[in-house]
2 protein chains.
Amino acid sequence: MVTKLTSELFNFHEALTPADDRLTREVLERITARWSLAVMRILAEADGPLRFSRVLERVQGISQKALTQTLRTLERDGLITRTLYPQVPPRVEYELTTLGRDLLVPVASLWRWIAGRLPDFAAAQALRRDL
Amino acid sequence: MVTKLTSELFNFHEALTPADDRLTREVLERITARWSLAVMRILAEADGPLRFSRVLERVQGISQKALTQTLRTLERDGLITRTLYPQVPPRVEYELTTLGRDLLVPVASLWRWIAGRLPDFAAAQALRRDL
DNA sequence: CCGAATCCAATTGGATACTG
DNA sequence: CAGTATCCAATTGGATTCGG
């Protein structure tokens with residue numbers, strides 16, 4: 001019965017307060033924002049702290065401004081840490097937190113699911129190229 | 001070994017062509033855009049076709065313009081269908097496709113995961129309210 | 001080296017008015 | 001009813017410059 005399946009999917013949602021619901025949505029949006037996942041993937045693959053300029057090099061296409069903004073947001077959400085070494089010139093290192101690493105598991109699942117259904121998405125778009 | 005775990009998460013990614021990689025990212029972004037999930041949830045819960053105005057009523061806070069745009073995008077991606085009944089006044093009905101319903105499964109998992117770790121996110125934000 | 005500040009172009013979003 | 005069109009305010013994003 002499709003009805004029950006789809007509505008049960010979001011049952012957990014009703015247990016949330018409006019404030020919690022909003023926070024959940026906000027986190028979901030920030031996680032999936034333009035550069036968040038790309039930056040988190042670089043940090044995950046690095047398996048250790050990375051300097052600002054290393055991240056900038058490895059995230060292809062990102063601007064300095066966008067990287068700064070992305071790192072700030074990820075830090076606010078507790079997904080990465082920022083460590084400043086007050087030297088001259090200064091050194092700043094970023095690293096995934098446990099929360100950040102844990103998050104990549106369900107995110108990768110969704111990503112993988114989309115990649116697996118790519119023919120469906122490509123076909124849908126091809127059919128409606130005139131819209 | 002954390003290294004292997006995190007890097008394996010995205011192994012599938014390397015099998016994608018650059019074009020497929022881009023399409024995957026695009027779909028992921030559109031799915032998680034401001035109103036997409038809210039609209040899909042309404043359609044999922046309706047368990048049947050819904051008229052434009054019914055969706056507009058039930059998605060709290062959405063503007064008519066934003067709803068139109070969201071529905072168009074979901075249709076292009078093959079996640080919903082749009083059926084026009086050329087009456088006067090016209091009637092238009094929207095409904096989830098199988099692809100759309102399937103998608104809600106991994107999406108709900110991610111959503112649920114975030115909701116489950118909400119204390120972590122709230123704590124992180126509280127600590128850094130000064131940033 | 002890291003990033004804040006500034007300037008400017010482009011995109012987005014709401015509100016309103018109008019049409020088949 | 002279900003949009004499209006238009007106007008306008010606000011946000012976003014790149015490029016560049018400057019500073020600790």
Side-chain angles (χ1 to χ4, degrees), chain A residues 22 25-26 28-40 42-43 46 48-77 79-96 128 130-131, chain B residues 22 25-26 28-40 42-43 46 48-77 79-96 128 130-131:
Chain A
R22 221 186 73 261
R25 266 215 57 86
E26 285 177 9
L28 182 59
E29 272 187 18
R30 288 197 294 266
I31 283 170
T32 59
R34 181 68 189 91
W35 296 107
S36 299
L37 287 174
V39 169
M40 291 185 72
I42 294 300
L43 292 178
L50 270 191
R51 300 187 65 157
F52 183 88
S53 29
R54 299 301 136 254
V55 183
L56 188 61
E57 288 165 1
R58 297 182 197 190
V59 180
Q60 191 238 13
I62 197 172
S63 70
Q64 182 257 15
K65 182 178 174 180
L67 178 56
T68 299
Q69 172 55 34
T70 301
L71 290 169
R72 287 290 174 281
T73 303
L74 292 175
E75 188 191 3
R76 276 198 191 84
D77 280 338
L79 297 169
I80 66 172
T81 57
R82 176 183 188 272
T83 310
L84 165 68
Y85 299 90
Q87 314 168 347
V88 179
R91 181 162 59 105
V92 180
E93 291 185 342
Y94 296 93
E95 191 171 14
L96 280 185
R128 295 172 179 76
D130 52 316
L131 282 186
Chain B
R22 220 187 72 260
R25 266 214 57 87
E26 284 177 8
L28 183 59
E29 274 187 17
R30 288 198 294 265
I31 283 169
T32 58
R34 182 69 189 89
W35 296 107
S36 299
L37 288 174
V39 169
M40 292 186 72
I42 294 300
L43 293 178
L50 270 190
R51 300 186 65 156
F52 183 87
S53 27
R54 299 300 136 255
V55 183
L56 188 61
E57 288 167 3
R58 298 181 196 191
V59 180
Q60 191 239 12
I62 197 171
S63 70
Q64 184 256 18
K65 183 177 174 180
L67 178 56
T68 298
Q69 172 55 35
T70 301
L71 290 169
R72 287 289 174 281
T73 304
L74 292 175
E75 189 192 2
R76 276 198 191 85
D77 281 339
L79 297 169
I80 67 172
T81 58
R82 176 182 187 271
T83 308
L84 166 68
Y85 299 90
Q87 313 168 347
V88 179
R91 181 162 58 104
V92 179
E93 291 185 342
Y94 296 93
E95 191 171 15
L96 279 186
R128 294 173 180 76
D130 52 316
L131 279 187

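Computed from a predicted structure; not experimentally measured.
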Of all heavy-atom pairs between [X] and [Y], which one has the smallest distance, and what is that distance?
X: B:E93; Y: B:P49; value: OE1-CB, 3.3 Å
X: A:R25; Y: B:T32; value: NH2-O, 4.5 Å
X: A:L84; Y: A:P90; value: CD1-CB, 4.4 Å

Notebook entry, point to check: Using a distance-only test with no angle check, is there a side-chain donor-acceptor pair under 3.5 angstrom linking B:E57 and B:S53?
Noted result: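 B:S53 and B:E57 do not have a side-chain donor-acceptor pair below 3.5 Å.
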
Could you state the atom-to-atom distance from [atom1] of [X] to [atom2] of [N] in whole Å?
X: B:L71; N: D:dT4; atom1: CG; atom2: P; value: 11 Å
X: A:I62; N: C:dG3; atom1: CD1; atom2: P; value: 12 Å
X: B:L50; N: D:dC1; atom1: CG; atom2: C1'; value: 15 Å
X: A:E29; N: D:dT12; atom1: CD; atom2: P; value: 11 Å
X: B:L84; N: D:dG3; atom1: CG; atom2: P; value: 8 Å
X: A:L56; N: D:dG14; atom1: CG; atom2: P; value: 12 Å
X: B:L67; N: C:dG13; atom1: CG; atom2: P; value: 13 Å
X: A:R34; N: C:dT11; atom1: CZ; atom2: C1'; value: 15 Å

Next item on the list: Would you mind classifying the nucleic acid contact of B:R82 as base, sugar-phosphate or nothing, using non-hydrogen atoms under 4.0 angstrom?
Entry: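 Touches sugar-phosphate only.
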
Note to self: Taking any heavy-atom pair under 4.0 Å as a contact, classify B:R54: base, sugar-phosphate, or nothing.
What the structure shows: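 B:R54: no heavy atom of the nucleic acid under 4.0 Å.
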
Looking at [N], I'd like to know if its phosphate oxygens (OP1 or OP2) sit under 4.0 Å from a side-chain N or O belonging to [X].
X: B:R51; N: D:dG3; value: no
X: B:S53; N: D:dA2; value: yes
X: B:R91; N: D:dA2; value: no
X: B:Y94; N: D:dG3; value: yes
X: B:R72; N: D:dT4; value: yes

Notebook entry, point to check: How would nucleotides 15-20 of chain D be written as a contact map, 5' to 3', with B for base contact, S for sugar-phosphate-only contact and - for no contact, using protein heavy atoms under 4.0 Å?
Noted result: B----B

[X] vs [Y] side-chain heavy atoms within contact, under 4.5 Å:
X: B:L28; Y: A:L37; value: yes
X: A:L74; Y: A:L43; value: no
X: B:V39; Y: B:Y94; value: no
X: B:R58; Y: B:L50; value: yes

Item checked: Global bending angle along the helix from C:dC1-D:dG20 to C:dG20-D:dC1, which compares the axes of five pairs at either end, to 10 degrees -> 40°

Notebook entry, point to check: About how many Å separate CZ of A:R22 and CD of A:E26, when rounded to the nearest 0.5 Å?
Noted result: 4.5 Å

Next item on the list: Look up atom CG in A:L56 and atom OG1 in A:T68, then write down how far apart they are to the nearest 0.5 Å.
Entry: 8.5 Å

Checklist line | Per B:A66 side chain, nearest of listed nucleotides C:dG14, D:dG3, C:dG3 | finding: C:dG14

